[in-house]
Amino acid sequence: MMSGFNIISPFLRRTAPWTCRACLRRQALTPQRNTFATKPTEPIAKIKRRRRLAIASGGLAISAAVVTVNDDAKHAVTAVQRSSRVVSTLFININDYRRTLKRDQEEDYDGILKACHLRCAKRTLTTLERNGSIFIKLGQHLSSMNYLLPSEWCDTFIPLQDKCPISSYESIEEMVLKDTGHNLSEYFSEFERIPIGAASLAQVHQAVVKATGQKVAVKVQHPALDEWAKLDLGLTRFTFETLKRWFPEYDLTWLSEEMEASLPQELDFYREGQNAIRAKQYFANVRDAPVIIPEVIWAKRRILVMEYVGGHRPDDLEYLDSHGIDRDEVSAALARIFNEMIFGTNAPLHCDPHGGNIAIRHNPSRRAKANFDVIMYDHGLYRDIPMNLRRSYAKLWLAVLDADEPRMRQYAFEVAGIREEHFPLFASAITGRDYSIVKENIAKPRSMQEKETISEALGDGMLESLIQLLGQVPRVILLILKTNDLTRSLDENLHTRQGPARTFLILARYASRTVYEEQLEKLTGSLFWLPNLFAFLRAWGAHFRVELKLGLYEQYLLLRARLGMEAVA
């Protein structure tokens, strides 16, 4: 910016007295006489010519200054536009809600409030779409939070799930040259200009490596993200902090805090490549999980090249059925994979397992019921769960299985610092069941009465408590809960015969294994020493009891499915 002012500064350093523009025009049009002469000093035509030259030279100088500051000026103008959209939408919505909430004594208040939800959601959707960038990702995340947000908000944001920007081929070319110092043509003999997939942060192109002829998938970040990521994160934080100020009972600042922690990781594709390599190495030793993770060829911060491995979305039921792939087995495989990540020793946790990041591929070389591969993409958001947290979380689930309330409360505090007043809500949040059922027997089928009870509780103030609770628990627990929610959603989309009860049984098996391994770890010395032998038998007995209980229930679900009975919800 300063260079532009240096260019035009000679025109500002004038020593002559100031004269208004009107007077200068009159002077230019009127012949000026020398008080010591009897004729005009210069012809009028010559004066006009000199004036045009002066104007032209001044215009060139100003143009040079504008060119110098043009990029900064454009950036500043766009930043103001982006910010003003967010701020104006925010305060219009706040004012709308404040006026609406004052009408709580009116007869049709529920309808009035729903209309307000819808108006505000539509305004916000327009702003998210116009700003693009990470605002699309934020909207996608909010659309899945139906346990926190009114349905008017979630339903309005659903179109964002499929509304992902596509960056031009030219901008990708320019970015690759800038980041690597080489043109695309130096790396790839073929590069498809149209991406095969696009998301809020990146898009993927098919290509062929020039040196080896290998077919690859090239993931490239949207070039505009670098320019706006910091500003957009700041605007997101400002939005949630402002909402907290006006509506303190709905404190969602933890959402912006999580975005600020996770987004830089997701925008670093070199880190994503390292995550993929680590996950691939881990699952190479897990036999009952048919996981395929594409090999990483090379990676930079905004470019990731991996082997091309194609597949179909898990909810492509036509593909599954036409290739004889059992939906129940796909559901079970997904449950094993993500429970391995949650409970496995030193396992990395993939924290974004939605339908677009997972694919199913028919593989007839695998045994009959498991004739498929599960392909995992997008390894940008990973977390490591501390071992003590994994074990406490496992014990919490075993306590839930046993309907042992004192132990549930104990391990809920160890896992997430949950105190007495919030425990029933936390128990419902992690299980998706009414607390009365959790205390009694979580294996019971879900009744219509239970669904209505949960719905009524959300309307009776439980929502505010849930928001407060989620703001207090450790971030890694939020990500575990998010992973559980997403895998539960994947399972629902498969429309399995055995229902979600089987995935719960698989979770319980992994929890039991985790506790059993911990107890074996504590044994030192020979098993022929009686105290060690008794400790081993106690640990094995407890593990066997859980396995037997779960095995019998799994056979019951299988029998129901074979008889064509309704799935256990």
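Values below: every heavy atom of this structure, side chains too, minus hydrogens, waters and symmetry copies. Just so you know, residue 1 is the first one in the sequence shown, and it goes up from there.
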Salt bridge present between R302 and D268 (N-O < 4.0 angstrom): no
In this structure, CD1 of I303 is separated from CE of M175 (nearest 0.5 Å) by 5.0 Å
- Look at R475 together with E257 and state whether they make a salt bridge at an N to O cut-off of under 4.0 Å. yes
Q81 atom CD, neighbour heavy-atom count above 12 within 6.0 Å
yes
Taken to the nearest 0.5 Å, the spacing of R123 CZ from C120 SG works out to 5.0 Å
M376 vs N357 side-chain heavy atoms within contact, under 4.5 Å:
no
With a 4.5 Å heavy-atom cut-off, do F426 and L396 have their side chains touching? yes
request  = Verify whether the ring centers belonging to H141 and F157 lie closer than 6.0 Å.
outcome  = no
query: Tell me, do N363 and P290 make a side-chain contact under 4.5 Å, heavy atoms counted?
result: no
The complete set of ring pair (Phe, Tyr, Trp, His ring centres under 6.0 Å) pairs with one or both residues in residues 260-311, sequence neighbours excluded, reads Y187-W298
Checking N183 against S185: is there a side-chain donor and acceptor pair closer than 3.5 Å?
no
In sequence, state the C-alpha distance, the side-chain angles, and the governing distance for W153 and T124, and then conclude on side-chain contact (heavy atoms from CB on, under 4.5 Å).
-> CA-CA 9 Å; W153 281 85; T124 305; 3.4 Å; yes
Rounding to 0.5 Å, atoms CD1 (I358) and CD1 (I337) come to a distance of 7.5 Å
Quick note, side chain to side chain donor-acceptor pair (under 3.5 Å) partners involving residues 126-140, not counting sequence neighbours, are R85-N131, T89-T127, S133-D232, K137-E266
* Asked: With a 4.5 Å heavy-atom cut-off, do N275 and R271 have their side chains touching?
  -> yes
From CA spacing to verdict: salt bridge (Lys or Arg N to Asp or Glu O under 4.0 Å), R301, D226: CA-CA 11 Å; R301 185 177 68 86; D226 259 12; 2.6 Å; yes
Run the side-chain contact (heavy atoms from CB on, under 4.5 Å) test on V286 and V291 for me, step by step, so that the C-alpha distance in whole Å, both residues' side-chain angles and the decisive distance to 0.1 Å come before the verdict. CA-CA 9 Å; V286 181; V291 180; over 6 Å; no
Rounded to the nearest 0.5 angstrom, the CD1-CD1 distance for I385 and I480 is 3.5 Å
Notebook entry, point to check: For R361 and I292, what are the C-alpha separation, side-chain angles and deciding distance, and is it a side-chain contact (heavy atoms from CB on, under 4.5 Å)?
Noted result: CA-CA 10 Å; R361 180 181 66 177; I292 299 294; 4.1 Å; yes
Open item on the list: Tell me whether E152 is salt-bridged to R119, with the criterion being a basic N under 4.0 Å from an acidic carboxylate O.
Closed with: no
So, do E186 and T180 sit near enough that their side-chain heavy atoms are less than 4.5 Å apart? no
The complete set of ring pair (Phe, Tyr, Trp, His ring centres under 6.0 Å) pairs with one or both residues in residues 313-336, sequence neighbours excluded, reads H312-Y319, Y319-H323, H323-H362
* Asked: Can you find a heavy atom in the side chain of L142 that is under 4.5 Å from one in the side chain of L149?
  -> yes
For residues 233-248, the side chain to side chain donor-acceptor pair (under 3.5 Å) pairs (sequence neighbours left out) are R237-E260
With sequence neighbours left out, the residues meeting salt bridge (charged side-chain N to carboxylate O under 4.0 Å, His left out) with R98 are none
Point to revise | Trace of the salt bridge (Lys or Arg N to Asp or Glu O under 4.0 Å) decision for D179 with K300 | key: CA-CA 8 Å; D179 288 9; K300 296 277 188 181; over 6 Å; no
message: So D326 and T496, do their side chains get closer than 4.5 Å, heavy atoms only?
response: no
Do R513 and E340 meet the salt-bridge criterion of a basic N to acidic O distance under 4.0 Å? yes
For E318, does the CD atom sit with more than 12 other heavy atoms under 6.0 Å from it, leaving out its own atoms?
no
E272 and Y382, any side-chain heavy atoms less than 4.5 Å apart: no
Solution key, residues 188-204 side-chain donor-acceptor pairs under 3.5 Å, sequence neighbours excluded:
{"from": "Q203", "atom 1": "OE1", "to": "S167", "atom 2": "N", "distance (Å)": "2.7"}
{"from": "Q203", "atom 1": "NE2", "to": "S167", "atom 2": "O", "distance (Å)": "3.1"}
{"from": "Q203", "atom 1": "NE2", "to": "H205", "atom 2": "NE2", "distance (Å)": "2.9"}

Separation between CG (L494) and CG (D328), nearest 0.5 Å, reads 8.5 Å
